[in-house]
Participant: 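Okay, handing you the structure first.
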Amino acid sequence: MCAVSPCSAQKFSIATNLLDYANLGTLNLDFSYALSQHWSVVASAKYNPFIFKNGLMQNRQRCFAVGGRWWSWHTFSGFWLSSKMQYQEFNVGGIRSPQTREGDSYGVSLSGGYSYMIGRHFNIEAGLGLWGGWQKYVVYDCPRCGATREKGEKFFVLPNDIIISIAYVF
């Protein structure tokens with residue numbers, strides 16, 4: 001009863017994707033705000049400044065996204081579908097070969113998943129998504145030599161938002 005005791009709706013959530021940390025230590029946060037029972041807006045950021053193996057292996061990136069989620073039951077619980085606009089600056093190399101690829105990507109992501117309430121303020125989320133858009137890139141022979149192998153622009157579709165995250169809802 002709201003008239004007798006104070007009511008508090010959970011309007012915000014902060015989440016971090018545990019699988020991104022396994023991707024060479026990519027730091028990440030998602031901020032969400034519930035607009036209604038079935039809709040929330042989300043803004044996310046990823047950052048990875050790390051270089052490994054004496055400067056030869058890296059998956060450095062800065063990534064920013066903004067979008068919305070539709071929740072089948074109510075916000076921050078149950079199945080959800082999401083769409084967002086995303087920008088990424090990247091520098092990847094030395095993982096499978098000495099070649100390094102760097103550039104900028106921008107596009108739209110579509111994803112879906114499930115949020116399971118494990119407590120009053122904590123959720124576990126799982127999800128998958130695809131990201132498509134335009135990419136400008138340069139490929140170098142190695143991270144240090146600077147010899148350009150290839151340069152260009154192309155359309156891409158990649159897996160994105162492979163999620164197993166912990167969310168705090170307040």
Side-chain angles (χ1 to χ4, degrees), residues 1-52 57-92 95 101-135 155-170:
M1 248 177 150
C2 288
V4 176
S5 63
C7 288
S8 64
Q10 295 178 321
K11 290 288 207 177
F12 297 94
S13 86
I14 297 174
T16 188
N17 184 0
L18 302 175
L19 293 181
D20 276 342
Y21 294 104
N23 181 11
L24 299 179
T26 301
L27 308 170
N28 65 92
L29 278 178
D30 285 356
F31 299 96
S32 295
Y33 175 73
L35 297 173
S36 68
Q37 180 180 352
H38 295 288
W39 288 97
S40 65
V41 291
V42 68
S44 61
K46 295 181 184 181
Y47 180 62
N48 187 334
F50 307 114
I51 300 172
F52 300 95
M57 188 170 80
Q58 59 194 352
N59 188 12
R60 297 187 303 163
Q61 63 177 300
R62 277 187 286 231
C63 183
F64 305 99
V66 64
R69 273 189 185 177
W70 176 80
W71 298 83
S72 64
W73 187 38
H74 63 77
T75 51
F76 310 128
S77 182
F79 288 101
W80 52 266
L81 296 173
S82 174
S83 176
K84 60 186 174 182
M85 296 180 297
Q86 186 167 313
Y87 168 77
Q88 179 186 44
E89 179 184 16
F90 64 91
N91 188 333
V92 179
I95 297 170
R101 181 183 195 93
E102 70 177 30
D104 298 292
S105 301
Y106 39 94
V108 176
S109 172
L110 300 172
S111 56
Y114 187 82
S115 185
Y116 179 74
M117 298 182 338
I118 58 174
R120 181 180 173 137
H121 293 287
F122 287 98
N123 291 359
I124 293 178
E125 296 182 346
L128 292 169
L130 285 176
W131 178 32
W134 196 252
Q135 184 177 85
F155 177 78
F156 69 91
V157 175
L158 296 170
N160 188 37
D161 287 340
I162 302 170
I163 301 168
I164 296 179
S165 67
I166 299 289
Y168 180 77
V169 181
F170 55 101

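The residues of the chain are indexed from 1 along the displayed sequence.
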Participant: So Phe155 and Trp134, do their side chains get closer than 4.5 Å, heavy atoms only?
Facilitator: yes
Participant: Indicate yes or no: at least one non-hydrogen side-chain atom of Tyr21 is less than 4.5 angstrom from one of Leu27.
Facilitator: yes
Participant: With side chain to side chain contact (heavy atoms under 4.5 Å, CB included) as the test, would you mind laying out the steps for Leu35 and Val41 before giving the verdict?
Facilitator: CA-CA 7 Å; Leu35 297 173; Val41 291; 3.5 Å; yes
Participant: Between Asn160 and Trp131, what is the shortest heavy-atom contact and its length?
Facilitator: CB-CB, 3.5 Å
Participant: If I take atom OG from residue Ser77 and atom CD from residue Glu125, how far apart are they, to the nearest 0.5 angstrom?
Facilitator: 10.0 Å
Participant: Does a side chain donor of either Ser115 or Trp80 reach within less than 3.5 Å of an acceptor in the other side chain?
Facilitator: no
Participant: Which heavy atom of Ser40 sits nearest a heavy atom of Ala34, and at what distance?
Facilitator: CB-CA, 4.0 Å
Participant: In this structure, which one of Tyr168, Phe76, Tyr114 forms a side chain to side chain contact (heavy atoms under 4.5 Å, CB included) with Asn123?
Facilitator: Phe76
Participant: Should the heavy atoms of other residues, nucleotides or ligands under 6.0 Å from OH of Tyr116 be counted, would the total exceed 12?
Facilitator: no
Participant: If I take atom CD1 from residue Ile166 and atom CZ from residue Phe122, how far apart are they, to the nearest 0.5 angstrom?
Facilitator: 8.5 Å
Participant: Check whether any side-chain heavy atom of Phe79 sits under 4.5 Å from a side-chain heavy atom of Trp71, and report yes or no.
Facilitator: no
Participant: Could you go step by step and tell me if Thr26 and Asn48 meet the side chain to side chain donor-acceptor pair (under 3.5 Å) rule?
Facilitator: CA-CA 5 Å; Thr26 301; Asn48 187 334; 3.0 Å; yes
Participant: Heavy atoms, side chains only, cut-off 4.5 Å: are Asn23 and Gln61 in contact?
Facilitator: yes
Participant: Which heavy atom of Gly68 sits nearest to which heavy atom of Val42, and what is that distance?
Facilitator: N-CG1, 4.4 Å
Participant: In Å and rounded to the nearest 0.5 Å, what is the OH to CZ distance from Tyr106 to Phe156?
Facilitator: 9.5 Å
Participant: Report the C-alpha separation of Leu130 and Leu110 in whole Å, then their side-chain angles, then the decisive distance to 0.1 Å, and conclude whether the side chain to side chain contact (heavy atoms under 4.5 Å, CB included) test is met.
Facilitator: CA-CA 6 Å; Leu130 285 176; Leu110 300 172; 5.7 Å; no
Participant: Could you tell me which non-hydrogen atom of Ser111 sits nearest to which non-hydrogen atom of Gly129, and how far apart they are?
Facilitator: CB-CA, 3.5 Å
Participant: Measure from the side-chain N and O atoms of Asn91 to the backbone N and O of Gln58, and report whether any donor-acceptor pair falls under 3.5 Å.
Facilitator: no
Participant: Report yes if some heavy atom in the side chain of Asp161 is under 4.5 Å from a heavy atom in the side chain of Ile163; otherwise report no.
Facilitator: yes
Participant: Measure the shortest side-chain to side-chain distance between Gln88 and Gln135 over non-hydrogen atoms and say whether it is less than 4.5 angstrom.
Facilitator: no
Participant: Take a 6.0 Å sphere around CG of Leu18 and say whether it holds more than 12 heavy atoms from other residues, nucleotides or ligands.
Facilitator: yes
Participant: Looking at every non-hydrogen atom in both residues, tell me the closest pair between Ser105 and Phe90 and how far apart they are.
Facilitator: OG-CE2, 3.4 Å
Participant: Got a second to check how far His38's NE2 is from Ser72's OG, nearest 0.5 Å?
Facilitator: 8.0 Å
Participant: Kindly write out the residues that satisfy side chain to side chain donor-acceptor pair (under 3.5 Å) with Asn28, not counting sequence neighbours, or none if the list is empty.
Facilitator: Thr16
Participant: Looking at Arg62, I'd like to know if its CZ atom is crowded, meaning that more than 12 non-hydrogen atoms belonging to other residues, nucleotides or ligands lie closer than 6.0 Å.
Facilitator: no
Participant: Kindly compute the distance separating CD (Glu89) from OH (Tyr47), expressed to the nearest 0.5 Å.
Facilitator: 9.5 Å
Participant: Compute the ring centroids of Phe170 and Phe12, then answer whether they are less than 6.0 Å apart.
Facilitator: yes
Participant: Output the distance between atom OG1 (Thr75) and atom CD (Gln10), rounded to the nearest 0.5 Å.
Facilitator: 8.5 Å
Participant: Do the side chains of Leu24 and Met57 get nearer than 4.5 Å, heavy atoms only?
Facilitator: yes
Participant: May I ask you to decide if Trp73's main-chain N or O and Gln37's side chain share a donor-acceptor pair within less than 3.5 Å?
Facilitator: yes
Participant: With heavy-atom distances below 4.5 Å as the criterion, would you say the side chains of Glu102 and Arg60 are in contact?
Facilitator: no
